[in-house]
**Q** 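Quick one: the structure is below, questions incoming.
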Amino acid sequence: AKLREKEETRDFSYEGAAEHGIALDLLEKMSNDAKIDEDWKGRFSVLKEEVEAHVEDEELDLFPLMKKVFSAEELDAMLVPKGGSARIQR
């Protein structure tokens with residue numbers, strides 16, 4: 001939500017949410033499969049590639065941009081508390 005408040009990070013927010021949705025859909029399809037077959041392996045391969053690309057985009061582009069755009073206090077407020085968990089909102 002915070003990423004959408006700043007023009008510089010808004011596109012990352014919407015793209016990231018879409019990528020999270022795609023990953024969740026693939027995981028749901030994979031978990032409903034009765035067996036591991038070629039379709040399942042194909043979905044797994046796509047999921048792996050998407051997650052790797054998503055993480056790379058965040059680490060190389062988004063996180064450095066966030067350090068420039070947000071104050072230290074804003075960044076701290078976005079952290080997941082210890083013992084907490086990040087929730088993906090759809």
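Only heavy atoms go into these numbers, but all of them, side chains included; no hydrogens, no water, no symmetry mates.
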**Q** Supply the atom-to-atom distance K2 NZ to L75 CG, rounded to the nearest 0.5 angstrom.
**A**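 One finds 10.0 Å between NZ of K2 and CG of L75.
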**Q** Keeping R10 on the side-chain end and R4 on the backbone end, is there a donor-acceptor pair under 3.5 Å?
**A**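 The answer is yes, because a donor-acceptor pair under 3.5 Å joins these two groups.
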**Q** Please tabulate, one pair per line, all N/O donor-acceptor pairs under 3.5 Å involving side-chain atoms of residues 41-51, not counting sequence neighbours.
**A**
residue: R43; atom: NH2; partner: D33; partner atom: OD1; Å: 3.2
residue: R43; atom: NH2; partner: D33; partner atom: OD2; Å: 2.7
residue: K48; atom: NZ; partner: E52; partner atom: OE2; Å: 3.2

**Q** Answer yes or no: is there a side-chain heavy-atom contact under 4.5 Å between L3 and F70?
**A**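 L3 reaches F70 side chain to side chain.
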**Q** Any donor and acceptor pair, going by atom type alone, linking the side chain of S71 with main-chain N or O of E74 inside 3.5 Å?
**A**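 Judged by distance alone, yes, a pair lies under 3.5 Å.
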**Q** I'd like to know if W40 and I22 are part of one continuous hydrophobic network [Ile/Leu/Val/Met/Phe/Trp/Tyr, side-chain heavy atoms within less than 4.5 Å].
**A**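 Per the 4.5 Å side-chain linkage, I22 and W40 are co-clustered.
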**Q** L60, F63: one ILVMFWY side-chain cluster at the under-4.5 Å cut-off?
**A**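 No; tracing contacts between hydrophobic side chains, which count when under 4.5 Å, never links both residues.
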**Q** Going by side-chain hydrogen bond (donor to acceptor under 3.5 Å, both in side chains), name the pairs with one or both residues in residues 56-70, residues two or more places apart or in two chains.
**A**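 Pairs touching residues 56-70 that pass the test: H54-E58.
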**Q** Does M78 share a hydrophobic cluster with L65, counting links as ILVMFWY side-chain heavy atoms below 4.5 Å and allowing steps through other members?
**A**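 Both belong to a single hydrophobic cluster.
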